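I have placed the structure first, in the form of structure tokens, so that the comments after it can refer back to it.
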Amino acid sequence: MAHGHAMPQPVALPGVSKIIAVGSGKGGVGKTTVAVNLAIALSKLGQRVGLIDADIYGPNVPLMMGSSQSPKVGAGNIIEPNETHGLKTISIGYISPGDKPLVMRGPMLHQIIRQFLQQVNWGELDYLIVDLPPGTGDVVISLVQTVPLTGAVVVSTPSDVSLQDARKALEMFAQVNVEVLGIVENMSHFTCPHCHEVIDIFSKGGAERTAKQFNIPFLGSIELIPAIREGGDKGLPVALAGPKSPQATGFYDAAQKLMERAEAAAASARDVFEIS
Ligand SMILES: Nc1ncnc2c1ncn2[C@@H]1O[C@H](COP(=O)(O)OP(=O)(O)OP(=O)(O)O)[C@@H](O)[C@H]1O
């Protein structure tokens, strides 16, 4: 380590075994929908799961989770996360609700991310999922400076514009040394409920091809289904219906694959730690 002003070293959160960031590059591709449903699927598969809404400017997790209580702050300024649908969650939306835009500088953003990680009473968790904001890497930098990440999931639609941004997200994670555990293709195709014809609204298969090209696991595709949007708007994500629900199976398949990848990544990180 060089002398002088050393970069802050990330420190693991006691009790939290894996931290996974969900990013997309492009907004509106369903990143929060995927993060929330993956988190619920993991929890229904027996994992203890927390969810951080790291989108400070446009927090959507409270609406999608149907939770809005202000979190309690206890001794030592420790924040109690909201417990909804079996998950522990924190969002700036719980603290500053309403539609007022939040204006803040970079250091404040960094501070909030640190607080969400270190000052929330997460307890024992198998997975802490972090829903990243779309766009630039500010929050990712705050994250990697604060805690060691197990890896990231990149969400994209199959359209070329979305994939172009997904590739940027892949490069960003590579730059900060975060392993991408997989790509999820969202809004993959639409099955007409009347004629059962499959319509590829945003094209199809592009995310899988991108995954192959970058040698990254493909975690699966999620159909464009009105019930997924309705579930999000009502605060009752479709994954709550369990793995057998036709609308939720895509999320459960992706959650299973993610668990395998995350276990492998966590195990190899432990090996490196023990050797060094
Ligand atoms: N597979 C899907 N089928 C139907 N609707 C979907 C699907 N995925 C997402 N949506 C809907 O698309 C809209 C955008 O999704 P979401 O808010 O999750 O995107 P996002 O990428 O997190 O956006 P941003 O980060 O820019 O706020 C929401 O209304 C959501 O319910």
Side-chain angles (χ1 to χ4, degrees), residues 20-41 51-67 85 87 89 91-93 99 101-102 109 113 129-140 143 152-159 161-170 172-173 183-193 198-208 218-241 245-255:
I20 295 176
V22 180
S24 61
K26 194 171 182 58
V29 299
K31 174 183 41 59
T32 303
T33 302
V34 171
V36 163
N37 281 288
L38 273 182
I40 291 175
L51 174 65
I52 292 182
D53 182 357
D55 195 341
I56 306 299
Y57 298 113
N60 293 139
V61 167
L63 178 72
M64 281 196 204
M65 288 293 288
S67 56
H85 304 321
L87 304 185
T89 61
S91 169
I92 197 80
D99 297 328
L102 284 169
L109 191 77
I113 298 301
I129 306 290
V130 184
D131 179 27
L132 294 173
T136 57
D138 282 16
V139 169
V140 175
L143 268 180
V153 170
V154 170
V155 181
S156 180
T157 76
S159 77
V161 272
S162 172
L163 286 166
Q164 190 174 39
D165 286 22
R167 282 193 286 272
K168 272 199 212 136
L170 295 178
M172 175 190 73
F173 286 123
I183 297 184
V184 174
E185 179 166 286
N186 188 32
M187 309 192 191
S188 182
H189 55 276
F190 173 74
T191 310
C192 171
V198 174
I199 307 166
D200 297 331
I201 294 180
F202 293 107
S203 169
K204 192 174 186 233
E208 189 164 13
F218 181 60
L219 300 180
S221 41
I222 312 291
E223 272 193 69
L224 181 71
I225 310 176
I228 293 182
R229 192 218 22 95
E230 286 157 19
D233 284 350
K234 279 194 301 209
L236 293 169
V238 290
L240 288 172
S245 154
Q247 280 119 6
T249 46
F251 293 117
Y252 281 86
D253 291 349

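In listed order, ligands and their atoms are each counted from 1. Bear in mind the structure is a predicted one, so any value in this text is a computation, not a measurement.
- The OG atom of Ser24 sits 8.5 Å away from atom CG of Asp131, with the distance rounded to the nearest 0.5 Å.
- Within a 4.0 Å radius of atom 2 (C) of ligand 1, the protein contributes at least one heavy atom.
- When side chains are defined from C-beta on, Ile40 does not count as touching Phe251, because their heavy atoms never get closer than 4.5 Å.
- With atom 22 (O) of ligand 1 as the reference point, the heavy atom nearest to it among Val22, Leu63, Thr32, Asp233 is part of Thr32.
- The closest approach between any non-hydrogen atom of Glu230 and ligand 1 is not below 4.0 Å.
- Among Asp55, Asn60, Asp53, the single residue meeting the side-chain hydrogen bond (donor to acceptor under 3.5 Å, both in side chains) criterion with Ser91 is Asp53.
- Of all atoms in ligand 1, listed by their number and element, those nearer than 4.0 Å to a heavy atom of Gly28 are 19 (O), 20 (P), 21 (O), 23 (O), 24 (P), 26 (O).
- Side chain of Lys31 to backbone of Leu132: a donor-acceptor contact under 3.5 angstrom is found.
- Ligand 1 lies less than 4.0 angstrom from a heavy atom belonging to Pro134.
- Side-chain atoms of Asn186 never come within 3.5 Å of backbone atoms of Val155 as a donor-acceptor pair (strictly under, hydrogens ignored).
- The protein heavy atom nearest to atom 17 (O) of ligand 1 is Met64 CE, 3.5 Å.
- For Gly58, the closest heavy-atom approach to ligand 1 does not fall below 4.0 Å.
- Residue, atom and distance of the protein heavy atom nearest to atom 12 (O) of ligand 1 are Met187 CE, 3.6 Å.
- Heavy atoms of Leu224 found under 4.0 angstrom from ligand 1 belong to the backbone as well as the side chain.
- The distance from atom CE of Met65 to atom OG1 of Thr89, rounded to the nearest 0.5 Å, is 5.0 Å.
- Glu208 and Ser221 share no side-chain donor-acceptor pair at under 3.5 Å.
- What sits closest to atom 28 (C) of ligand 1 on the protein, heavy atoms only, is Arg229 CG, 4.4 Å.
- For a threshold of 3.5 Å applied to N or O pairs, the pair formed by Ile222 and ligand 1 contains no separation below that value.
- Of the protein's non-hydrogen atoms, the one nearest atom 4 (C) of ligand 1 is Ile225 O, 3.0 Å.
- Atom OG of Ser156 sits about 8.0 Å away from atom CG of Asp165, to the nearest 0.5 Å.
- With rounding to the nearest 0.5 Å, the separation of CD in Glu185 from CG in Leu219 is 12.0 Å.
- Looking from atom 27 (O) of ligand 1 to the surrounding protein, the closest heavy atom is Asn60 OD1, 3.2 Å.
- For ligand 1, the polar-atom distance check against Lys31 finds a nitrogen or oxygen pair separated by under 3.5 Å.
- Residue Gly27 approaches ligand 1 through these ligand atoms, each under 4.0 Å from one of its heavy atoms: 26 (O).
- Residue nearest to atom 8 (N) of ligand 1, selected from Asn186, Asp131, Ile228: Asn186 (by heavy-atom distance).
- Taking any N or O of Thr33, backbone or side chain, at least one lies under 3.5 Å from an N or O belonging to ligand 1.
- Atom CD1 of Ile52 and atom CD1 of Ile20 lie 12.5 Å apart (nearest 0.5 Å).
- By the 4.0 Å heavy-atom criterion, Gly30 is counted among the residues contacting ligand 1.
- Residue Glu223 approaches ligand 1 through these ligand atoms, each under 4.0 Å from one of its heavy atoms: 1 (N), 2 (C), 3 (N).
- Here the OG1-CD1 distance, from Thr157 to Ile222, works out to 13.0 Å after rounding to the nearest 0.5 Å.
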Problem set entry | Criterion side-chain contact (heavy atoms from CB on, under 4.5 Å) on Met64 and Asn37, from CA distance to verdict | CA-CA 10 Å; Met64 281 196 204; Asn37 281 288; over 6 Å; no
